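Being a predicted model, the structure only gives us computed values, none of them experimental. Proteins get letters first, then strands, A, B, ... in listed order; numbering begins at 1 in each.
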Amino acid sequence: MLIISAESGAIDPEYLALLREQLGLNVPLYQQYFSWLGGLFHLDLGTSLWTGQPVISEILHRLPYTGSLVILAMFISIITAVPIGVLSAIRQDSWLDYTLRSGIIAGISIPSFWFAMLLLLFVVSVFKYYPPLEYATLFTQPLVSIQQLFMPALTLGIRLAASAARMMRSSMLEVMREDYVRTARAKGLTERVVLYGHALRNAILPVVTIFGMELAFLFGGTVIIETVFNIPGIGLLLINAINMRDIIMVQGIVATLVVIVLVINIMVDVLYAWIDPRIRYR
Amino acid sequence: MSQVEVTQQKVLGGRKSALNRTWTVIWDFAREKPLGAVCGVIFLFTIILAIIGPWITPNDPITTNIPDRLIPPGLTYWFGTDHIGRDILSRVIAGARTAMLIAVTASFIGSTIGGLLGIISGYLGGRVDMIMQRFMDMIMAFPVLILCIAIVAVLGGSITNVIIAITFPMIPFANRVARSIAISVREFTFIEAARAVGASQSRIIFRHVLPNAVAAYLIILTGALGMAILAEASLSFLGLGVPAPHPAWGRDLYDSMRYYYSAPWTAVFPGLAISLAVFSANLFGDALRDKLDPRLKRL
């Protein structure tokens, strides 16, 4: 619109020049990029084109909501994935295994937004239950927050839970064929000690990697979940910014997400070395 | 028996065995992986539906018909109608076309570019490999959906741009697998032999390394399909997919968000379509992977 009115002469050229100066559009592209990159290092992501607020303060204000959601989703998927995977592996090829495996594949295939809609429909129409309206974060009002974020976190975590359970199952099956498991059984340890003391501890390693990898997906998924449940996190902020053509906000959010994912990946690598003493980084 | 007859029999026999071989391969696959085969058939059916869609939709998927809004599924409208009276069955069929066009194209381009770059990078090694892998690391630092969203946000929503947005994050995944294969193939004696007789780099890469990556390529391709369908649905759900009147499963779901408490069918059928397409693509891909190359199970 600005371009059209500028070309038709409806906007004073002097005002346009002033605006270009204000937005920093009068310097070459690479200088714009480097000044943005420089800002990144002292957490200056520029100011929003829409609200005029600094991008970083908007993001910091919204991050706790997304953070609570991701932490809860992570928690839900860990406590479901590990037992499901182990159960499916130790009862291999039973009807329980087949049921759990079908559930796992469904969990990977069903789009989270559809699952969210069906869940809401079910809960609202069968139990007449409505979660509290004003969203709270896990860090200020933990109980209210868990109550509200339980359904969003469940929908968000289901994909992660499914792929982690699948990995848990196949790695558990692999480990149970190892010699040391046979040795453990041969020396007369109870099945419980063999499974949890020997097999599980080794089988859980690749699952940790999956959690690290899928955490990036989890942050991507928050965009959708926050749209469905209308949670004021950075995902919703991103979608609103795109609709408002607020490019500075969009790049600020994307940069923040990338930094978060990178930090998490490093943490997973460290965790990996801590769980498995055979791995050493040089 | 005359000479002619014998030759004829040989020729016929030869032709028959070639056809038989194809069937035997398919039959073996079906018997070993029945679920995977069924899912392959479902996926094939979705693609056929996408191709012949415009000729079999009972109603126009785009024209609105306000008097017939939000009619429950019945004999006239099998899947019911949405909030502006469009036939949901027609929209689901027409949506298959959008989804399949985008998913198949994006997976094909993404795995091909990624695979080729991976083979070149893995075979050449050294500095080329180093630089290319750092680029791939850069792309992989982005969460897939966030990268898709960012690309569409910059380019704007159209079929081509959505395809580009979904293709891009796929490249590093295909790249990594193809690279690891090229690295292991590079050490074989036949490559050394090809180098010894003076074959050029490009000849070695395309005639000797490439054929060894075909199985992996098929696995990457089918594995990418499910992800691509899901990504397309997610983008159009967020309003960033193909532009408005164009039928897309994700957009139909988003539109139904305001009505589905009273009219659940508006949400059930498009969602079912997405789930079934992704489900069949995933299971078929898994079965194909187990059959062709069980070593790739960890992907």
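- A donor-acceptor pair under 3.5 Å is formed between the side chain of B/T98 and the backbone N or O of B/P247.
- Only the side chain of B/F237 comes within less than 4.5 Å of a heavy atom of chain A; its backbone N, CA, C and O stay farther away.
- Taking the side chain as every heavy atom from C-beta outward, B/M132 and B/R179 never approach each other to under 4.5 Å.
- When heavy atoms are compared at a cutoff of 4.5 Å, A/L121 approaches chain B by way of both its backbone and its side chain.
- With a threshold of 4.5 angstrom between heavy atoms, B/L276 does not approach chain A through any atom at all.
- Heavy atoms of B/A150 lying under 4.5 Å from chain A belong exclusively to its side chain.
- Heavy-atom distances place the side chain of A/V261, and not its backbone, under 4.5 Å from chain B.
- Of all the listed residues (B/V152, B/V154, B/I149), the one sharing the greatest number of non-hydrogen pairs under 4.5 Å with chain A is B/I149.
- Under the 4.0 Å criterion applied to side-chain N and carboxylate O atoms, B/D255 and B/R91 are not assigned as salt-bridge partners.
- Contact annotation for B/L230: only side-chain heavy atoms (C-beta onward) come within less than 4.5 Å of a heavy atom of chain A.
- None of B/T167, B/T160, B/I159, B/I229 except one satisfies the side chain to side chain contact (heavy atoms under 4.5 Å, CB included) rule with B/I102; the exception is B/I159.
- Residue with the most contacts toward chain A among B/L238, B/I274, B/L240, B/V144: B/L238 (heavy-atom pairs, distance under 4.5 Å).
- Applying the side chain to side chain donor-acceptor pair (under 3.5 Å) criterion to A/S88, with sequence neighbours excluded, gives A/D97, A/R169.
- A/F115 CZ: more than 12 foreign heavy atoms inside a 6.0 Å radius.
- Counted within 6.0 Å of OH on B/Y254, heavy atoms from surrounding residues, nucleotides or ligands total 12 or fewer; the atom is thus considered open.
- Contact annotation for A/I105: both backbone and side-chain heavy atoms come within less than 4.5 Å of a heavy atom of chain B.
- In this structure, chain B has a heavy atom under 4.5 Å from the side chain of A/I239, while its backbone stays farther away.
- Options A/I224, A/L257, A/L238 differ in how many heavy-atom pairs under 4.5 Å they form with chain B, and the most are formed by A/I224.
- Residue contact with chain B, scored on non-hydrogen atoms closer than 4.5 Å, is absent for A/V259.
- Crowding of B/F43 atom CZ: a count of heavy atoms from other residues, nucleotides or ligands under 6.0 Å exceeding 12.
- Here the closest heavy-atom approach between residue A/S109 and residue B/F279 is recorded as OG-CA, 3.2 Å.
- Residue contact with chain A, scored on non-hydrogen atoms closer than 4.5 Å, involves the side chain of B/L283 exclusively.
- Both the backbone and the side chain of A/I108 have a heavy atom closer than 4.5 Å to some heavy atom of chain B.
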